[in-house]
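Computation of the quantities below employed the complete heavy-atom set of this structure, encompassing side-chain atoms and omitting hydrogens, waters and symmetry-equivalent molecules. Quick caveat, the model's predicted, so the values are computed rather than measured. Order of listing sets the numbers, starting from 1, for every ligand and every atom in it.
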Amino acid sequence: MILVSGKEVSNKIKDEIALEVEKLKSNGGKTPHLAAVLVGDDGASRTYVNAKVKACERVGFGSTLVQLDNDISEADLLAEIDQLNNNDEIDGFIVQLPLPNHIDEQKVTEAINPAKDVDGFHPVSLGKMLLHLPSFLPATPYGIVEMLRHYNIPTEGKHCVVLGRSHIVGSPMSVLMARKDYPGNCTVTLAHSRTQNLKEVAASADILIVAIGKPEFVTADMVKEGATVIDVGIHRVEDSSKKSGFKLLGDVKFDEVAPKCSHISPVPGGVGPMTIASLLKNTLLAVQLKN
Ligand code: NAP
């Protein structure tokens, strides 16, 4: 069994981006700048945003954190987005999800200038992805594709089962795995809560990508011998034996599934760091597409 270390791959990608930034700067170009909008004070969202800002420092990007109150109106948030759209210093920005219930996430996503949509959630980005045109790929599926590439995991002609059909992970993942490219060229099954015989469907996968949002949902009996398993899930679960008081679990029961796999990504240290690396890659692309 080979551990698919997103931590390792993302560090390599960050080193490559840092070199590109050095080159850009020495040629008199602009320092790439990423902004992140955080609404409210959700602990997990804050942790994710802080990690993104820290990653910017690591590769030599500029970064801006726009912190807004939980009770900000939708109109005021849209006005903030308009400012970022029109600020030439900002090459790309993200609005950390989820947003408070009184704000329409889709409306917010669609308000982002597609040229700065480095999360890749705007309909224009998703449409370009479908047509295989240069675009910002949604950060998590993009990161997974790059992990498969790094480990030379064969995909052509394989059966890839994606568990979960969210707009940000499962659905775009299924599109990328079906594209006429490497990694891709898979026969894809997109499974969800209405799928019948989910166990059998999952167990028929050569490549199983799990984004279901349920801790340790995938057990050994749902995995084919020799499969590649990519675990997108991330859950904080109380654990009094840890100094922090919690541990992180994925959507896959790692200990029992890992021995059956040819490759498996762990949680933490798998998909999570890759998502951030992809965001940085997209921000660099935003700068390159402008020139
Ligand atoms: P989501 O929006 O909650 O979607 C979950 C999907 O799983 C839905 O399509 C749902 O089906 C399906 N599902 C739920 N229960 C199921 C069941 N019992 N059987 C079959 N399908 C079921 O989740 P998401 O945003 O894609 O996130 C999934 C997980 O990945 C979460 O743990 C999240 O925290 C994590 N995540 C991690 C990263 C990272 O960077 N590591 C990034 C994004 C998300 P329906 O569509 O039928 O409801």
Salt bridge flag under 4.0 Å for residues [X] and [Y]:
X    : Y    : answer
D41  : R46  : yes
E16  : K12  : yes
E146 : R149 : yes

What atoms in ligand 1 come closer than 4.0 Å to a heavy atom of [X]?
X    : value
H192 : 11 (O), 20 (C), 21 (N), 47 (O)
R165 : 6 (C), 8 (C), 9 (O), 45 (P), 46 (O), 47 (O)
G272 : 40 (O), 41 (N)
T275 : 39 (C), 40 (O)
G233 : 29 (C), 30 (O), 32 (O), 35 (C)
H235 : 32 (O)

- [ ] Give the single entry among S166, A139, A44 that approaches atom 23 (O) of ligand 1 most closely by any heavy atom.
- [x] S166

Open item on the list: Can you check which of T140, V201, L198, I276 brings a heavy atom nearest to atom 19 (N) of ligand 1?
Closed with: L198

To the nearest 0.1 Å, how far is [atom] from its closest protein heavy atom, and which atom is that?
atom                    : answer
atom 18 (N) of ligand 1 : F217 CE1, 3.4 Å
atom 3 (O) of ligand 1  : I212 O, 4.5 Å
atom 44 (C) of ligand 1 : V169 CG2, 4.0 Å
atom 47 (O) of ligand 1 : S193 OG, 2.5 Å

[X] (side chain) donor-acceptor with [Y] (main chain) under 3.5 angstrom:
X    : Y    : answer
Y48  : I276 : no
K247 : E238 : no
D231 : D251 : yes
N185 : G157 : no

Open item on the list: Heavy-atom contact check, 4.0 Å cutoff: does Y48 meet ligand 1?
Closed with: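 Checking ligand 1 against Y48, which is what was asked, there is no heavy-atom contact under 4.0 Å.
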
TODO: Answer yes or no for G170: is there a heavy-atom contact with ligand 1 below 4.0 Å?
DONE: no

Task: Residue pair H102 / D71, side-chain donor-acceptor N/O under 3.5 Å - done: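 No pair is found: no donor N or O on one side chain lies under 3.5 Å from an acceptor on the other.
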
Open item on the list: What I want to check is whether the side chains of S125 and D117 have a donor and an acceptor closer together than 3.5 Å.
Closed with: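 Yes, because at least one side-chain N or O of S125 sits under 3.5 Å from a partner of the opposite role on D117.
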
Open item on the list: Is there a polar contact between ligand 1 and I234, counting only N or O atoms under 3.5 Å apart?
Closed with: yes

TODO: Using a cut-off of 6.0 Å, state whether more than 12 heavy atoms not belonging to E89 lie near its atom CD.
DONE: yes

Task: Heavy-atom closest pair, residues D88 and K290 - done: O-NZ, 4.0 Å

Task: Working for side-chain hydrogen bond (donor to acceptor under 3.5 Å, both in side chains), residues H159 and T189 - done: CA-CA 8 Å; H159 184 205; T189 301; 2.7 Å; yes

- [ ] Check whether any protein heavy atom sits under 4.0 Å from atom 32 (O) of ligand 1.
- [x]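 Yes; the ligand atom in question has protein heavy-atom contact below 4.0 Å.
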
Task: Distance flag for atom 27 (O) of ligand 1, protein heavy atom under 4.0 Å - done: no

Open item on the list: Please classify the M274 to ligand 1 contact at 4.0 Å (heavy-atom distances, strictly less than): side chain, backbone, both or neither.
Closed with: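 M274 to ligand 1: no contact under 4.0 Å from either part.
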
Open item on the list: One residue to check: V232. Relative to ligand 1, which of side chain, backbone, both or neither has a non-hydrogen atom less than 4.0 Å away?
Closed with: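 For V232, backbone and side-chain atoms both sit under 4.0 Å from ligand 1.
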
